[in-house]
Structure formats: structure tokens, C-alpha cells
Amino acid sequence: MRAAALHSAAGALLLTALSAVPAGGVPSAPGRSTASGVVPGVALAAVRAAARGVDFGSCSDAQDLPGSMQCGTVAVPLDYARPDGKQIKLSVSRVQATHRDPHNSKRRVPRQGALVFNPGGPGGSGRYFPLIGLLPEWKRIGAAYDLVGYDPRGVGKSAPLSCQDPKRFFKGPSPAPVHPSESYKRERVAQAKAYAQGCGKRAGSALRHYNSLNNARDLDVLRAALGEERLTFMGASYGTYFGALYATLFPSHVRRMVFDAAVDPDPAQIWYRNNLAQSAAFESRWTDFREWIAEHDDVYGLGDTAEAVLTSYERARARLAAQPAGGKVGPGQLQGAFLQAGYYDDYWPARAQALSEYLKGDPTQLVAQAGPVREAAAEAENANAVYTAVECNDASWPTDWKVWDRDNTRLARVAPFETWDNVWANLPCAYWPAPRQQPLDVRTGPGELPPTLILAAERDAAAPYAGALEMHRRLTGSVLVTERDSGTHGIAGGPNACVNGHLDAYLLEGRLPVRRAACAPHPAPKPSAPSEEKADGPESWN
């Protein structure tokens, strides 16, 4: 499932050569043995990167942005089994530590190093993350750390991956049948096969090298290039997965790590079963949203129960199927817009207002919020290509359509909101042209890894809470902080002061609660339509 990229101002197995190991084949001592030659490959790339550093300069695409962001590149091997072979460049950005205490202008804050961030995806760009230091919630962290973002391999300016002509990426208006017909299923199977073939043709033999293990290896090379002996890292959503891979492969290279909206790293869940779990969780979050709308029926007039709100939503779906709004918003676009509200409850007022106005005859807001942004087609196509490549490469997927059809037909009976759209997003993996990997068994023993911080919202649908519990079990010494009765996807630096207190205490002082802690939920959004909404980011497994 593609989750919306983190929009809070924040939004082998070691050998690539082993990516051809059939499902069920288990290489010995992944990440720890030098017999395969992979660890020396990563180590060699890291030594070279440390010697070169990062030649930071001005950012060509950030001249009109506030702050003092700098940009540079770091070279990494396309294939770590061949460190002297083809190199690709990762685009890296930085805002240096300000040293200014926001609560005491006379105090100079000592620098603690670089904080590297990944927003998830796969396919999310972190290049603008350093600007987050301008926000009040991040000023203390920005005083002590250089804030570092980057485009992972394949993303944005980092050897960008493409699977189809971006001009053909946005298809709309489109249907989104809750219970698709057999003919519609055959159509989507054909599209999935064509998309997978397009990825293979456009990327060629390089396609196999876009995977989570290489993202973890790249992170170690970036650490070295930044001059950091040990890494301080924050990953959101999918970023928690390859962050956990990093912690398993390079535990002695870890200083501090934050896993925000942790995904389930169990190898048996990567990625087919994780997507089934997501679809089930979104049904509950969709109910949360409808209950909130019902509580404010005096504002929106969409119904005073969750069932009544659903009736209003279905009425809009039927009307859009008959006549798309603005000629470009059909049921598929409506569903996509409301799916985003399943990630972030600060979308709730705007989405509810748009639906209300549309049913009253004014489609303006619905078109503005749900319509495709053609100018962003290239970026969206790139993000989708990387998402697909990484998830398809990372693990084995069912190759028989009957398995997908059986599992999701059952699931759609109880969780119809997102199930089939989730299938269509991932179905190219059934027909993937590149070799598959066997997922690494994420796990650290006592004393192997410094204490790490896991943040999770109890009702997060994109990264169901069970994943945070599993991550907590597997990373010995980790601490789990839970925002109770909340479903926002990614809670670091958001509106919850309790969560932010734990984040600051850990990153600034290395201080953590004992094993687990809980925070009360942040306040529900107020039922008012904002004059303008946050720009939607590309969707990804965040």
C-alpha cells in the first residue's frame, strides 16, 4: 500500500548478487560475514565517502525558500558486490546547527552532529527536511544538530527511476469499484503486467539494485561522508524499516535512532501481508473519520451517524461516476482524497467541507483537493516507480492472480474502503521481471544496539500498531512511546507536546523512559474549513 508521504512539516541478503536467491534460500550470517565480500564493499564505499566528504553549496531549486539550506552529492555503488563498478550520486541537503537556544538567546547550544531523516515511501524525498528547523517544535533539535535530508537511490535527483511516461501517469477520471467485476479485474491485471514490463525495459539490469537493503547500505555511506562515526537517524513509516535493517547490519555504527510510525519488520510480513494488514486498518480509520463528521453534522450536513455519512459519500461516488467533477474527478480521485484523510486527521475539516459543498452543488473544493496536479506528474511517477521497485524487489510475492483475488475478496467483505485500490497499487509485484530477495531477519541482541526510540499512534492505519509492537520486540533495548486513541501517521514534531517531549529528551540528552510510555491523544481537529490546505505530497508506504 502506498501511504501518503509524511507531510507534517517535519510529512543479505547483504549481497546484491544474492538478490537472485530463491524464496526459501537463506544466506548465512547476513551483514556480519565477510565471506560474501559485501561488507568490504560497503566498507570500501564508506572509506571513500569519508575521504571525499560532501562538498555542500547552494541549492539550485531552493533559492526562493527561507533558511540557509545547502546541497551536495554522495557517490554510492549501484551494486555493493561490485564497489568499483557503476556509481550513482545521492542528492543530499543540509541546514547546519544554529547553536541558538530558542528559550535562552544568551546560551550557545553545543553541536551534537548530523541528524539524518527519511520520510518513508519507498519513493519519498527528504531533500527539504532541513527546513523543518524553522518550525517552533524543531528549533531545539535544529540548534544542536545539522539537519540532513536526502533523496534515496532512484528518487528525485538521485539516479531517478521511471517505469512509464509521466504524461500517462495521471489517469482520470477513474473508477474505484468496491466490488470489482471480473472484466474490471482482468483489465487491472493487464495494466499491472504492462507496468512491470515498463519498469524492466526502462531500468534494465539496474532494476534489481533498488531495494531496502541497498537503502540501508547507502545510509552507512552517507554517514561516513558526513564525517559521523556513529549515525543519528530518524525514519518515518517505510524509513523505519530500512532504518531497522541498518540497525541490524551496522549496530556499532548507531548513535541514536528514532522510528516514527514503525512498520512491521517481520520477514513474513514484507510486503504482501503488511499490505493486507493496512487495508484492514484503514477500514477502522475510515470509520473514525465518519464518526467525527457525524459529530459535526450541524456544520457539514452529511449525516449524524457514521452510517449516514457513508450514505452521503456513496451518493457522491455515484454522482461522480455518472459525471466527473470538473471533468477530472471521478470515484477514484474521491477515494484517493479521502484516503489521505485516513493518514492525517488535519485533513478532516477540508475533506468534509469539500464533500458537503459538492453534494450541495458546488464542486470547486472537491476538484481543488482531489484533482490530479499535472505539473507534479513527473515527481509522482518517479515516486511510484521507486515504491514499486523497492517493494517488489524486497521479497517474494504471490505470482498467481488467484491468490490475490481470493485473499482480497475475503478482506473486502469486511474492509471495502481501501482493499482493492491497495491491490492495484501492488499488483505489478506479481509479474515483476527482476529477482526477489529474502527479507533480512531484523533483530538485535542485548548490548548490540544503543537504546532506540519508537513512536506510534495507536490507531495508525498506514502503519498498524502491531508493527510498532513487533519492532519493539525485535530491537532489544528499544523504548516505545504510544499516542493513545490517535491515528495520525507520523507523530514526531506534531501537535502532541508529550510526544515531542520524549523526542527532545532522547535526541538532545539521550534520555528515555523505561521500556514503554503513553501520551494522551492530541486534540481532534476543529470543524472548520481552512482557507487553504497543505499541499498533498506524493503517496508512498509511509
Side-chain angles (χ1 to χ4, degrees), residues 1-3 163-165 167-199 271-273 275-283 286 310-340 342 355 358 366-367 370-372 377 380-381 384-385 387-388 391-392 397-433 461 539 541:
M1 163 69 206
R2 300 181 319 136
C163 289
Q164 67 179 136
D165 184 346
K167 295 178 181 178
R168 297 174 50 227
F169 182 72
F170 284 132
K171 299 174 182 177
S174 61
V178 175
H179 301 292
S181 66
E182 291 303 313
S183 62
Y184 184 77
K185 291 176 182 178
R186 288 193 296 270
E187 179 184 341
R188 296 308 300 255
V189 167
Q191 290 176 7
K193 289 179 179 178
Y195 187 82
Q197 291 169 1
C199 294
W271 286 104
Y272 181 73
R273 290 183 178 86
N275 280 285
L276 292 172
Q278 264 194 344
S279 294
F282 267 109
E283 196 66 27
W286 172 222
L310 180 60
T311 298
S312 294
Y313 179 82
E314 294 296 341
R315 191 164 73 250
R317 280 172 54 94
R319 186 182 297 180
L320 290 168
Q323 184 175 356
K328 56 185 179 180
V329 174
Q333 288 67 43
L334 176 73
Q335 199 273 345
F338 275 73
L339 176 64
Q340 289 173 331
L355 182 62
Y358 171 72
L366 185 63
V367 172
E381 191 278 327
N384 191 74
Y387 166 84
T388 307
E391 292 218 352
C392 296
W397 292 71
T399 56
D400 186 347
W401 160 247
K402 292 179 181 178
V403 175
W404 296 70
D405 196 16
R406 178 200 66 201
D407 292 347
N408 288 280
T409 297
R410 290 173 180 170
L411 183 57
R413 293 184 186 126
V414 294
F417 177 66
E418 173 58 11
T419 293
W420 284 108
D421 273 5
N422 205 343
V423 172
W424 312 137
N426 292 286
L427 190 56
C429 293
Y431 312 106
W432 197 241
E539 294 189 353
W541 221 110

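Sequential numbering from 1 along the given sequence is applied to the chain's residues. Keep in mind that the numbers below use all heavy atoms, side chains included, and drop hydrogens, waters and symmetry copies.
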Let's go through Asn422 and Phe282 carefully: what are the C-alpha distance in whole Å and the side-chain angles of both, what is the deciding distance for side-chain contact (heavy atoms from CB on, under 4.5 Å) to 0.1 Å, and is it a yes or a no? CA-CA 11 Å; Asn422 205 343; Phe282 267 109; 5.9 Å; no
Do Lys185 and Asn408 have side chains that approach each other closer than 4.5 Å (heavy atoms only, starting at C-beta)? no
Taking the side chain as every heavy atom from C-beta outward, state whether Pro175 and Tyr184 have any pair of such atoms under 4.5 Å apart. yes
Run the side-chain contact (heavy atoms from CB on, under 4.5 Å) test on Leu339 and Phe417 for me, step by step, so that the C-alpha distance in whole Å, both residues' side-chain angles and the decisive distance to 0.1 Å come before the verdict. CA-CA 9 Å; Leu339 176 64; Phe417 177 66; 4.1 Å; yes
Please report the shortest heavy-atom distance between [X] and [Y], naming the atom on each side.
X: Ala196; Y: Pro428; result: CB-O, 3.7 Å
X: Tyr387; Y: Ala425; result: CE2-O, 4.2 Å
X: Leu411; Y: Ala280; result: CD1-CB, 4.1 Å
X: Lys328; Y: Pro372; result: O-CD, 4.0 Å
X: Pro173; Y: Val329; result: CB-C, 4.0 Å
X: Ala325; Y: Tyr358; result: CB-CE1, 4.2 Å

With rounding to the nearest 0.5 Å, note down the distance linking [atom1] in [X] to [atom2] in [Y].
X: Tyr195; Y: Arg188; atom1: OH; atom2: CZ; value: 12.0 Å
X: Cys163; Y: Phe169; atom1: SG; atom2: CZ; value: 10.0 Å
X: Asp400; Y: Asp405; atom1: CG; atom2: CG; value: 9.5 Å
X: Gln197; Y: Tyr431; atom1: CD; atom2: OH; value: 11.0 Å
X: Leu427; Y: Trp404; atom1: CG; atom2: CH2; value: 5.0 Å
X: Leu334; Y: Arg319; atom1: CG; atom2: CZ; value: 11.5 Å

Within 6.0 Å of CZ in Arg406, more than 12 heavy atoms from elsewhere: yes
Does Val178 form a side-chain contact (heavy atoms from CB on, under 4.5 Å) with Thr419? I'd like the steps, not just the answer. CA-CA 8 Å; Val178 175; Thr419 293; over 6 Å; no
Mind checking whether Trp401 and Trp424 have parallel, tilted or perpendicular rings, split at 30° and 60°? parallel
Give a yes or no answer on whether the side chain of [X] reaches the backbone of [Y] with a donor-acceptor pair at less than 3.5 Å.
X: Glu283; Y: Glu418; result: no
X: Glu314; Y: Thr311; result: no
X: Glu381; Y: Asp165; result: no

Are the aromatic rings of Tyr313 and Trp286 close, with centres under 6.0 Å apart? yes
Pair Asp407, Tyr272 - check side-chain contact (heavy atoms from CB on, under 4.5 Å), show working. CA-CA 11 Å; Asp407 292 347; Tyr272 181 73; 2.8 Å; yes
